[in-house]
Amino acid sequence: MTPAFPNLEVVDHPLVQHKLTYLRRMETSTAGFRRLVKEIAQMLAYEVTRDLPTEPMRITTPITAFDSPVISGKKQCIVSILRAGNGMLDGMLELLPAARVGHVGLYRDPDTLEPVEYYFKVPEDIAERMVIVVDPMLATGNSAVAAITRLKEIGVTTIRFVCLLAAPEGVKNLLDHHPDVLVTTAALDEKLNDHGYIVPGLGDAGDRIFGTK
Ligand code: URA
């Protein structure tokens, strides 16, 4: 947890930081970028699931019978904020292969600048599940705030947010609106620039994942 934001966890593991450096480089190819997003997402999934509840299961080893822990409760639901969030799904599902998946699509109204929902599809019983919302870039935080508000409206109570990079402005916005949400990121960057990009950042995550620019 960082002192400025008690609900923010920055995963400073050397493997994560090494991969993040290559992810940021502008020379990194589309294929390389995609692979690195997947690998980092997988490691962030490991961190964000650290406090999952477990229960004992009676097993027999070749030596003896004993009670050993297994994860208890319903499977988690990963909610991707379209479209860049989809780049993190494969990595998250590598560690949580039975997780359910939801999608939220938002665009910014050019007049009001408010996020407007154009797509929302989640499991019917999502309120009974721990939800991990994924979006590579926590920039202004407006999309994350809107997506989490929407999830709470349908009864979700346990929410984690996972991103690759976060700007202080986005973390503040998210935690001001949703102080109960734990945020996990690979790095807390310096600031947003005038165009809403994270500095030093990595550019447009969606374009780099999907090769659209
Ligand atoms: N979204 C991105 O893809 N990159 C940024 O730097 C900010 C928002």
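In listed order, ligands and their atoms are each counted from 1. All values reported here derive from a predicted model rather than from experimental measurement. Heads up: numbering here begins at 1 and tracks the sequence.
- A donor-acceptor contact closer than 3.5 angstrom is absent between the side chains of Arg208 and Ser29.
- Salt-bridge annotation for Arg160 and Asp51: present, with a side-chain N of the basic residue lying under 4.0 Å from a carboxylate O of the acidic one.
- Figure legend: Arg58 and Phe66 shown without cation-pi pairing, the cationic atom not lying both under 6.0 angstrom from the six-membered ring centre and within 45 degrees of its axis.
- Residue contacts with ligand 1 leave out Gly201, since none of its heavy atoms falls under 4.0 Å from the ligand.
- For ligand 1, one of its N or O atoms has an N or O atom of Gly203 under 3.5 Å away.
- For the ligand labelled ligand 1, residue Pro136 lies outside the 4.0 Å heavy-atom shell.
- Salt-bridge annotation for Arg50 and Glu47: present, with a side-chain N of the basic residue lying under 4.0 Å from a carboxylate O of the acidic one.
- Of the charged side-chain nitrogens involved, none lies within less than 4.0 Å of a carboxylate oxygen, so that Asp125 and Lys75 do not count as a salt-bridged pair.
- Among the atoms of Met137, none of the N or O lies under 3.5 angstrom from an N or O of ligand 1.
- Here is the list of ligand 1 atoms found below 4.0 Å of a heavy atom in Ile198: 5 (C), 6 (O), 7 (C).
- Against a heavy-atom cut-off of under 4.0 Å, Ala205 is close to the following atoms of ligand 1: 2 (C), 3 (O).
- For atom 7 (C) of ligand 1, the nearest protein heavy atom (residue, atom name, distance) is Gly196 O, 3.4 Å.
- For ligand 1 and Ala139, the ligand atoms under 4.0 Å from any heavy atom of the residue are 7 (C), 8 (C).
- Formation of a donor-acceptor pair under 3.5 Å by the Gln17 side chain with backbone atoms of Ala186 is found in this model.
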